[in-house]
Amino acid sequence: MFQNKHNDTRNSLLKDAFVLRYLKIRLTGSEPDWCVDGRTCFDKKKGPQMLGGVVHPILLYAIWRNENFDAELIREKVLFLKSHGIIPGAHRGSHKDLVNGKCDCGFCDGIVNVLKKALVEENEIRKRLAGVYMKNKDKFVGTDFNRAIDLAYEKLKMYPLDKIFITGEQIVSLVERIGGEIEDLLGEHAELCAFVNLQKDTTLNVKSYNRNGIQAFNLDLWAVRERIFLLDTDINVDFVIWASLILYLATETMIVEDKGKSKLDIKIVN
């Protein structure tokens with residue numbers, strides 16, 4: 001019994017150390033985009049993490065421009081990003097159900113529900129993001145939080161959900177057919193926190209975390225900004241940042257809190 005308690009304490013301390021520390025790796029630009037998912041596969045390079053991988057900036061583009069999110073748009077924008085040296089990526093997972101169009105990427109499978117969740121949980125998400133902003137004002141210099149989040153929500157509310165024509169495995173298969181990198185993530189979700197990384201050309205060392213039995217969501221917001229500004233140089237930066245964080249929290253709510261687990265802390269890394 002003493003040995004079990006000792007092991008439990010050691011495991012708890014190990015998890016706390018990883019969550020508090022943000023073990024990062026530096027990127028060269030040769031790594032494909034991946035999802036914010038805390039799971040991993042060990043035989044692929046791990047690049048910057050965004051919601052659904054390459055899907056995130058393309059969805060923001062569609063929302064900002066009020067365009068259809070469909071196969072034509074995804075094909076066009078993925079090929080455009082490839083032409084600018086970006087390696088597009090997406091993923092499947094252990095619970096994929098290809099017959100029913102499920103890839104086991106919570107964001108890709110649930111895009112419509114993520115957008116709905118963002119609106120239904122608006123008050124809670126605003127409250128949580130206000131707390132994140134207040135703790136990290138030095139990392140958001142020049143930001144008028146209320147004005148920025150109002151803009152993000154205005155655009156999200158104006159976007160008709162019937163403009164989303166493609167989700168789940170349809171997206172992943174399309175990205176794969178046009179030369180994207182696809183990984184197959186292992187195991188179950190067990191994320192302990194949700195990082196937001198602002199430091200350019202770095203990402204979370206997801207493989208090291210998983211080797212130590214730890215998972216964390218990670219959103220490389222710097223990469224979202226880079227890719228969306230390739231797609232649209234006129235897009236509003238406040239919209240990019242705060243719409244991304246709204247959708248990140250909505251996704252976390254669906255994957256974590258709606259499954260009966262405690263909400264995760266949002267940790268800004270710079």
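The first residue of the sequence shown is numbered 1, and numbering continues consecutively from there. The model shown is predicted, which means the values in this text are computed figures rather than measured ones.
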Mind checking the [atom1]-[atom2] spacing from [X] to [Y]? Nearest 0.5 Å is all I need.
{"X": "R147", "Y": "D144", "atom1": "CZ", "atom2": "CG", "result": "6.5 Å"}
{"X": "L156", "Y": "L151", "atom1": "CG", "atom2": "CG", "result": "9.5 Å"}
{"X": "K259", "Y": "T253", "atom1": "NZ", "atom2": "OG1", "result": "12.0 Å"}
{"X": "I214", "Y": "L204", "atom1": "CD1", "atom2": "CG", "result": "11.0 Å"}

What's the shortest heavy-atom distance between [X] and [Y], and which atoms?
{"X": "G106", "Y": "I255", "answer": "CA-CD1, 4.2 Å"}
{"X": "G168", "Y": "D109", "answer": "CA-OD1, 3.1 Å"}
{"X": "G179", "Y": "K82", "answer": "CA-NZ, 3.7 Å"}
{"X": "G52", "Y": "V55", "answer": "O-CG2, 3.3 Å"}
{"X": "S244", "Y": "L221", "answer": "CB-CD1, 3.7 Å"}
{"X": "L27", "Y": "W222", "answer": "CD1-CZ2, 3.9 Å"}

If hydrophobic clusters are built by linking Ile, Leu, Val, Met, Phe, Trp and Tyr wherever their side-chain heavy atoms come under 4.5 Å apart, do [X] and [Y] end up in the same one?
{"X": "V36", "Y": "I268", "result": "yes"}
{"X": "L59", "Y": "L119", "result": "yes"}
{"X": "M158", "Y": "V120", "result": "no"}
{"X": "Y209", "Y": "V196", "result": "no"}

(message) Are there over 12 heavy-atom neighbours, none belonging to E67, within less than 6.0 Å of that residue's CD?
(response) yes
Would a 4.5 Å heavy-atom cut-off, applied to side chains only, mark [X] and [Y] as touching?
{"X": "L186", "Y": "T40", "answer": "no"}
{"X": "F239", "Y": "E154", "answer": "no"}
{"X": "V237", "Y": "F229", "answer": "yes"}
{"X": "I25", "Y": "T202", "answer": "no"}
{"X": "F42", "Y": "K207", "answer": "yes"}
{"X": "C103", "Y": "I171", "answer": "no"}
{"X": "T167", "Y": "I164", "answer": "yes"}
{"X": "L185", "Y": "S94", "answer": "no"}

(message) Side chains of T203 and N197: any donor to acceptor distance under 3.5 Å?
(response)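 There is no such pair (donor and acceptor under 3.5 Å, judged by atom type) between the side chains of N197 and T203.
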(request) Check the side chains of N218 and Q49 for a donor-acceptor pair under 3.5 angstrom, ignoring hydrogens and angles. (result)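 The answer is yes; a qualifying pair exists.
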(message) Measuring centre to centre across the rings, with the benzene-like ring taken for any Trp, is W242 within less than 6.0 Å of Y248?
(response) no
(message) Are F195 and Y22 an aromatic pair, judged by ring center distance below 6.0 Å?
(response) yes
Carboxylate-amine/guanidinium proximity below 4.0 Å for [X] and [Y]:
{"X": "D232", "Y": "R65", "result": "yes"}
{"X": "K163", "Y": "D70", "result": "no"}
{"X": "K157", "Y": "E122", "result": "yes"}
{"X": "K135", "Y": "D265", "result": "no"}
{"X": "K200", "Y": "D220", "result": "no"}
{"X": "K263", "Y": "E124", "result": "yes"}
{"X": "E257", "Y": "R128", "result": "yes"}
{"X": "R39", "Y": "D184", "result": "no"}
{"X": "R92", "Y": "E183", "result": "no"}

(message) What verdict does the side chain to side chain contact (heavy atoms under 4.5 Å, CB included) test give for F165 and F69, after you've listed the backbone C-alpha separation in whole Å, the side-chain angles of each residue and the deciding distance to 0.1 Å?
(response) CA-CA 6 Å; F165 290 93; F69 183 78; over 6 Å; no
(request) Determine, stepwise, if the pair R227 / D33 fulfils side chain to side chain contact (heavy atoms under 4.5 Å, CB included). (result) CA-CA 10 Å; R227 281 136 183 78; D33 293 343; 2.9 Å; yes
(message) If you apply the rule salt bridge (charged side-chain N to carboxylate O under 4.0 Å, His left out), what do you find for K44 with E31, and how did you get there?
(response) CA-CA 9 Å; K44 298 275 189 179; E31 304 87 355; over 6 Å; no
(request) Ignoring hydrogens and angles, tell me if any N or O in the side chain of K155 forms a donor-acceptor pair with the backbone of W64 under 3.5 Å. (result) yes
(message) Is there a side chain to side chain contact (heavy atoms under 4.5 Å, CB included) between F217 and T251? Walk through the geometry before answering.
(response) CA-CA 10 Å; F217 290 116; T251 305; over 6 Å; no
(request) Using the six-membered ring of Y61, assess whether NZ or CZ of K77 lies under 6.0 Å from its centre and within 45 degrees of the ring axis. (result)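 The answer is yes; both the distance and angle limits are met.
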(message) Run I178 and L79 through side chain to side chain contact (heavy atoms under 4.5 Å, CB included) and show every step you take.
(response) CA-CA 7 Å; I178 54 183; L79 291 174; 4.3 Å; yes
(request) Please list, chain by chain and in numerical order, all residues satisfying side chain to side chain contact (heavy atoms under 4.5 Å, CB included) with K116, sequence neighbours excluded. (result) V112, N113, L161
